[in-house]
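Proteins get letters first, then strands, A, B, ... in listed order; numbering begins at 1 in each.
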2 protein chains.
Amino acid sequence: MIAERGVAGLKTRDLAREIGCANGAVYNLVADVDELVLRVGSRTLHRLDKALSAAESAGDPSPHETLVRIAIAYCDFAAENLELWRALFEHRMAADKILPDWSINDQMQLFRHIYHPLALLLPERSPEELGITARSLFSAVHGMVALGLEQKLVAVPLPALRNEIAGLVRAMLDGLVARAE
Amino acid sequence: MIAERGVAGLKTRDLAREIGCANGAVYNLVADVDELVLRVGSRTLHRLDKALSAAESAGDPSPHETLVRIAIAYCDFAAENLELWRALFEHRMAADKILPDWSINDQMQLFRHIYHPLALLLPERSPEELGITARSLFSAVHGMVALGLEQKLVAVPLPALRNEIAGLVRAMLDGLVARAE
DNA sequence: AGGAACATTGAACATCGTTCAATAAAAAAT
DNA sequence: ATTTTTTATTGAACGATGTTCAATGTTCCT
């Protein structure tokens with residue numbers, strides 16, 4: 001239902017009807033809708049993880065090109081799973097509620113894909129520095145995808161967005177390597 | 001009220017009490033809450049615009065350093081106006097409702113600040129290309145700020161985030177210039 | 001003053017997530 | 001096999017919330 005109507009279109013009553021139980025029975029499976037969204041998010045993150053893994057190992061094994069492929073794969077996944085991908089980020093729960101551990105773990109795994117190629121590219125950096133840089137790189141690409149897929153502003157055709165991402169990732173990596181020398 | 005409790009904490013009844021009128025009277029000022037959020041967003045965008053303008057003209061006038069200052073200013077503004085800044089991006093309205101023109105215009109102005117220094121840096125590029133690159137740069141910085149200020153994941157101290165942004169912006173610009181030569 | 005245009009009110013409506021007493025089903029115990 | 005205990009399910013009810021609207025004020029022009 002999230003995939004079809006977005007996270008705002010997920011209603012407990014519709015869901016109950018779809019799975020064939022009473023409205024209240026949903027709360028036997030899940031504490032509240034927050035958890036429901038998080039559990040769907042967990043599945044989405046695992047599928048995303050697989051997509052990035054595939055991109056990581058396919059094609060030119062140079063760190064440069066591997067990282068570009070991962071960025072493009074991220075963009076493609078977001079475009080093909082738009083509402084599910086959005087649900088990962090735009091669902092805010094009450095500030096006092098704490099994320100369960102399994103949800104935090106899911107999110108952390110993403111940076112793993114970036115870390116390894118980046119370590120090959122920047123051998124002088126410490127693991128801590130690499131972790132931070134990997135997160136920054138991910139965030140930068142995420143921003144490009146997020147604003148690029150936003151229909152509210154100028155709609156960018158997907159191929160153009162992919163080119164932009166590839167170009168800027170290459171520039172970032174060039175710049176990072178050059179500065180490290 | 002958005003600044004204090006976030007966009008999800010904005011309730012028409014609370015608002016009516018605060019401004020001293022009946023609940024229904026809110027709808028004399030505004031068609032619905034979507035418009036209300038957009039109007040607050042417009043004010044926020046104008047304040048953000050001023051902050052970026054100030055950063056643009058203060059200090060070292062080299063395009064490199066100007067763009068770094070703008071990125072840092074964006075980060076600082078987001079940190080200091082967290083909920084208002086979030087309201088700009090995380091509020092989704094029904095897909096069929098169209099954004100009013102004034103709201104779209106407001107958003108476009110932001111890229112202006114990036115365009116000029118970028119044009120100095122990449123004199124070979126056409127205005128169209130520059131516009132696209134400006135948007136990509138903005139999006140990348142936006143992503144770093146957005147995920148960096150997210151408390152759900154590892155909380156990054158603000159000074160560290162500023163350093164990361166400055167570093168990655170410099171790397172991006174270095175890379176863009178090097179590739180252009 | 002009279003009346004037309006506009007503004008304000010607050011009750012009512014629809015839609016949510018969530019809770020819970022009542023009930024049914026299943027499992028365990030005798 | 002029957003009773004008892006535990007568990008699962010139901011759907012009505014509750015409280016919030018955005019939105020509407022008939023009734024009631026208010027303003028202001030002639």
Participant: Using links of under 4.5 Å between side-chain heavy atoms of ILVMFWY residues, direct or through other members, which residues join A:M1 in one cluster?
Facilitator: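 Once heavy-atom contacts under 4.5 Å are chained together, A:M1 belongs with A:I2, A:V7, A:L10, A:L15, A:I19, A:V26, A:Y27, A:L29, A:V30, A:L36, A:V37, A:V40, A:L84.
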
Participant: How long is the straight-line distance from CD1 of B:I70 back to CD of B:E65, given to the nearest 0.5 Å?
Facilitator: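 The CD1 atom of B:I70 is 11.5 Å from CD of B:E65, to the nearest 0.5 Å.
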
Participant: Does the Lys NZ or Arg CZ of A:R47 fall within the cation-pi geometry relative to A:W85 - under 6.0 Å from the ring centre and within 45° of the axis?
Facilitator: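 No - A:R47 does not lie over the ring of A:W85 by the 6.0 Å and 45° rule.
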
Participant: Go along nucleotides 5-19 of chain D 5' to 3' and tag each nucleotide: B for a protein heavy atom under 4.0 Å from its base, S when only backbone or sugar atoms are that close, - otherwise.
Facilitator: ----BBB-B---BBB

Participant: Would you mind checking if B:R92 and A:E150 are paired as a salt bridge, meaning a charged N to carboxylate O distance below 4.0 Å?
Facilitator: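 Salt bridge: yes.
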
Participant: Taking only residues two or more places apart in sequence, or in another chain, which ones meet A:H113 in a ring pair (Phe, Tyr, Trp, His ring centres under 6.0 Å)?
Facilitator: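 Counting only residues at least two positions away or on another chain, A:H113 forms no ring pair (Phe, Tyr, Trp, His ring centres under 6.0 Å).
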
